[in-house]
There are 2 protein chains.
Amino acid sequence: MIEIRSLKVAGKVTLKHIADELGVSAMTVSRALNNSGSVQGKTQERILETARQMGYRPNHIAKSLVSRRTYTLGVVIPEISHSFFPEVIRGIEQVVYDKGYQIILAHSSEDAVREQEVVEMLLSKRVDGIMISCSQNTEDASFFENIAKTDTRIVFFDRCIEDIGISCIGVNDRNAAYKITEHLINLGKRRIAHLKGSGKVSITKNRLLGFEEALHQNRVNTFSELIIESGFQEKGGYEAMKILLDLPTHKRPDAVFAVNDPVAFGAMEAINEAGLRIPEDMALVGFSDDIRSPLMSVPLTTIHQPAYDIGTKAASKLIRLIENDKELQEKVMLISTLKVRESCGANQ
Amino acid sequence: MIEIRSLKVAGKVTLKHIADELGVSAMTVSRALNNSGSVQGKTQERILETARQMGYRPNHIAKSLVSRRTYTLGVVIPEISHSFFPEVIRGIEQVVYDKGYQIILAHSSEDAVREQEVVEMLLSKRVDGIMISCSQNTEDASFFENIAKTDTRIVFFDRCIEDIGISCIGVNDRNAAYKITEHLINLGKRRIAHLKGSGKVSITKNRLLGFEEALHQNRVNTFSELIIESGFQEKGGYEAMKILLDLPTHKRPDAVFAVNDPVAFGAMEAINEAGLRIPEDMALVGFSDDIRSPLMSVPLTTIHQPAYDIGTKAASKLIRLIENDKELQEKVMLISTLKVRESCGANQ
DNA sequence: AGGTAAAATGTTATCGTTAACATGATTGAG
DNA sequence: CTCAATCATGTTAACGATAACATTTTACCT
C-alpha cells in the first residue's frame, strides 16, 4: 500500500508531482508511464499506482509542443444542416477514432471569409491536417496552395478545388450529372434547366459540364437562360426557381436539374407555390440523396452519394499523407448512383 | 521596403526567427504582435511587416502551455445521424465562434465505454470545458462528478445526469411527456404503451415520469407490460415494437409514445410490417421533432425541441462557467411544444 | 576482488511563448 | 548638468513532457 502525501495537488497533476511523491526523477516517471523500457518492474508498478491514485492525465499540449504533432485534424464544412455532411463526419469520426486522432470541427457557414479565418485558426492550433469542403463562394485557390506548401496536409472532400495538386475525395460528379440529365432527356424532356452551384469548386463545374455534355451528345438544345446560379442552399434554390417561373410560359423549362437536393427542395417549394405539379408540369431532380428526399410528397429523383465512405476515405487519405512522406496526392472518385423516384416522372 | 534574408524557414516560423531577422529579442516581437504596449511605433511596424512576409502564425500550442487555456471545448454526442444533434452543434458552433473558441467533436456511438475514453482524451488535450449528451448506456455518474471537481467545466445538454451539481441544458421533458400522453388520452386511447430510453439519463427518467403521471392524473390504467426499453435508436424502436405486437390482440396497445423520433420511426416500420394502420389501428407519437417527422407517409405527432437554442445555451453557459469563477451551475429547461400531426389520429 | 558490460536512473536542454524582472536609453525637472 | 522617472528593450525562467546524453548501480565473469 502506497501512501500518498498530497493526493490533491493544486491544479493538474504533472510528472513532476508524481516524481516528487516517490523521490525519483520526472524522466523515470515518464519512462514508466510510456512503458519505454529500462524501468525496474517494482519502480514502474509504484509509479503506475501512484499516477492512478493522484489522477494523473498526460498533458498532450506539452507533448505536442515537443513532438510537433497534435493528433488533431481540422474538418471544415460549409453547412452542418445538410444531411450529407453529418454522414460524412460520421465516416471521418470512425476512422479518426480508430487511428487515435481527434477532430476540430469548424463551420464556414458557406462564407469564404469565415472559411479562411477558421483555417488560419486550425493552423495556429497546429492540427496535423485539414479536411475541407469549400464554401459556396470560395474562389481563392492560392490560399490553399500556400498551405499545401507547408507541412500541414490538406484533403478536399465533395466540394474541391481541382488541379492544384491537393487530394480530392468526391464522386464522379460529371458522369453522374450526365446520367441524370440523360435520364430526363429519355423521358422526353427538351427544355431542361440547371440550377447550378457557385464558386470555383469542383461540383459546380463538373455537374454543369456533365449536364451540358448530356444535352449536347443527345442533340438537345442548351438554353443559356435556363442555367441559373443558385448556390447550394434551399433559399438559393427557391429564388433561382422563381426566376425560371417568371419566364413566359412557352420559355419555361419542362425539367430542372438542381445541383444538390437542398436546392431542389427550395425549387420544389417555388414550383408548388406557382401551382404547378411535379412531375407532370415540371420534372425536378437533385443530387446528393438527402435524408429527406425519399420522404417528400413527391419523392425526389437524385444521385445517391456514399457520404459515409467519402468521410472514411478522406480521413484515411489525410492520415496517410500525414504519416507517410511517400504518400501521393490523388483524386478519388467514388461511384454514385442514379436513384429514380417520382419527381422525374419515370414512376407514374 | 524590408529585405527578408530567409523568407523560407525550415519548418514553421517562430518569434525567434522574426527576432533574428530584425536583430531584436523574441520578447519584443511578442509584444509587438500582441500589441501589448511599449514597443516603438517604428519597430512595431517593422515587426508586423516582417511577420507577415515570413508567414508567421502564432503557435497556440505553446501559448496554451503557458496560459493553461486552450480556447477549445469538447463536444460529445452519442449519434450524429439524428438530425437533432447537428442542429445543436450548429447552435454551439455559432456561439463558440463568436467567442473565439473552437470545438473538438467527439462521438460516443451510444457506448458508455467509448464515451469515457473520448472524455479522457479531451481532458488530456486540456480542453477548457466539455459539453456532453450522454450515451444510451451511461450509468456512471461518479465519472462526471470527479471531473466536475477539477478545473475543467462540464455542461450536459439534452441527455443529462441530474442532481450531481452539473449544469443541464434541456427541455421540460416531464411536462412535455405529460402533455403528449394526455393528448393521446384525450383522443380516447386507453392502453398506451411507452418505448422508454435507457441508462440513468434525464430524458429516460423524465419522459417516463411525465407519461406515468398523465396516465395517473387522468385515471387511465398503467400496464407494466406496455413499458418497454428501446434505447434511443431506430433499431431499438423496431425491436421494442415487435414485442408489443407479439402480445395477444386484446392486450396490444392502442397508442404508443416513443421516447424520441428515431425510436418512433423504428416502431412505425414494425407497425407497417404487421399490416396495421397508423393511426387507425395504433396511434404513435414521438419526441424531438426530427427533420424527417413531418415528411413521413403518416406525419409524426411529436414534441418540438428548440435544438439550435439548446446548442447556444449550452455553449454560452459553458463559456460563462469557464470565464467567470462566480458563475453558478444551473438547470435550464427550454420550452418545447406539442406538434400535432397525423400519427396520433387527431387530424384525420 | 577487480573490472566491465548492462541496466536503471538522473541531468540538461528543448519545443514556442510569455510573465516577471533587469537593464539600458531617453527625457525632463530643478 | 545631474539625477530620477519613464520608456524601450533584453534576459531568465517557466509551462509539462521527453530526447539525448551522463551518471550511478547492479550483475556477472575471470
Inset, instruction - Remember a base hit wins even if backbone is also touched, and classify B:Ser64 as base, sugar-phosphate or nothing at under 4.0 Å, heavy atoms. - result: nothing

Inset, instruction - Output the single nucleotide from D:dT9, C:dT17, D:dT18 whose closest atom is nearest the side chain of B:Ala62. - result: C:dT17

Legend entry - Integer-rounded Å distance: D:dA20 P and A:Asn34 CG: 15 Å

Legend entry - Nearest-angstrom distance from the residue atom NZ of B:Lys16 to P of D:dG10: 12 Å

Inset, instruction - Check the side chains of A:Thr70 and A:Asp128 for a donor-acceptor pair under 3.5 angstrom, ignoring hydrogens and angles. - result: yes

Inset, instruction - Would you kindly compare A:Arg31 and B:Gly41 by the position of their nearest DNA chain D nucleotide and give the one closer to the 5′ end? - result: B:Gly41

Inset, instruction - Starting from P on D:dT18, measure out to CZ on A:Arg69 and report it in whole angstrom. - result: 15 Å

Inset, instruction - Name the nucleic acid region contacted by A:Ser25, choosing base, sugar-phosphate or nothing; use a 4.0 angstrom heavy-atom cut-off, strictly under. - result: base

Inset, instruction - Under 4.0 Å between any heavy atoms, over every strand shown, what does A:Ser36 touch: base, sugar-phosphate, or nothing? Just pick one. - result: nothing

Legend entry - Closest to the B:Lys63 side chain, choosing from C:dT18, D:dT9, D:dA17: C:dT18

Inset, instruction - From the options C:dT9, C:dC15, D:dT9, select the nucleotide whose nearest atom is closest to the side chain of B:Thr43. - result: D:dT9

Legend entry - Whole-Å gap separating P (C:dT18) and CD1 (B:Ile47): 13 Å

Inset, instruction - State whether A:Arg68 places a side-chain N or O below 4.0 Å from either non-bridging phosphate oxygen (OP1 or OP2) of C:dG16. - result: yes

Legend entry - A:Met27, nearest nucleotide to its side chain (from D:dT18, D:dC15, D:dG10): D:dT18

Legend entry - Length of the line joining A:Gln40:CD and D:dA27:C1', which is rounded to integer Å: 12 Å

Legend entry - B:Thr50-B:Glu21 side chain donor-acceptor pair, cut-off 3.5 Å: no

Inset, instruction - For residues A:Ile80 and B:Glu93, determine if any side-chain heavy atom of one lies less than 4.5 Å from a side-chain heavy atom of the other. - result: no

Inset, instruction - Measure across A:Ser135 and A:Pro78 and return the closest heavy-atom pair with its distance rounded to 0.1 Å. - result: CA-CB, 4.1 Å

Inset, instruction - Decide whether B:Ser167 and B:Gln329 meet the rule of one side-chain donor and one side-chain acceptor closer than 3.5 Å. - result: yes

Legend entry - Which nucleotide in D:dG16, D:dT18, C:dT18 has an atom nearest any side-chain atom of A:Asn59: D:dG16

Legend entry - Nucleotide of D:dT9, C:dT18, C:dG16 approaching B:Val39 most closely (side-chain heavy atoms): D:dT9

Legend entry - Length of the NZ-P vector between A:Lys12 and D:dC15, whole Å: 16 Å

Inset, instruction - Nearest whole angstrom, please: distance from the P of C:dA7 to the NZ of A:Lys42. - result: 18 Å

Inset, instruction - Starting at atom CD of B:Gln44, determine the distance to atom C1' of D:dC7, rounded to an integer number of angstrom. - result: 14 Å

Inset, instruction - Please determine, for the side chain of A:Leu15, which listed nucleotide (D:dT18, C:dT17, C:dG16) has the closest atom? - result: D:dT18

Inset, instruction - Mind checking B:Ser38 for me? I need base, sugar-phosphate or nothing, with any heavy atom below 4.0 Å counting as a touch. - result: base

Legend entry - Parallel, tilted or perpendicular, as decided by the 30° and 60° cut-offs, for the rings of B:Phe144 and B:Phe156: perpendicular

Legend entry - Side chain of B:Thr28 (C-beta onward), nearest among D:dG16, D:dG10, D:dT18: D:dG10

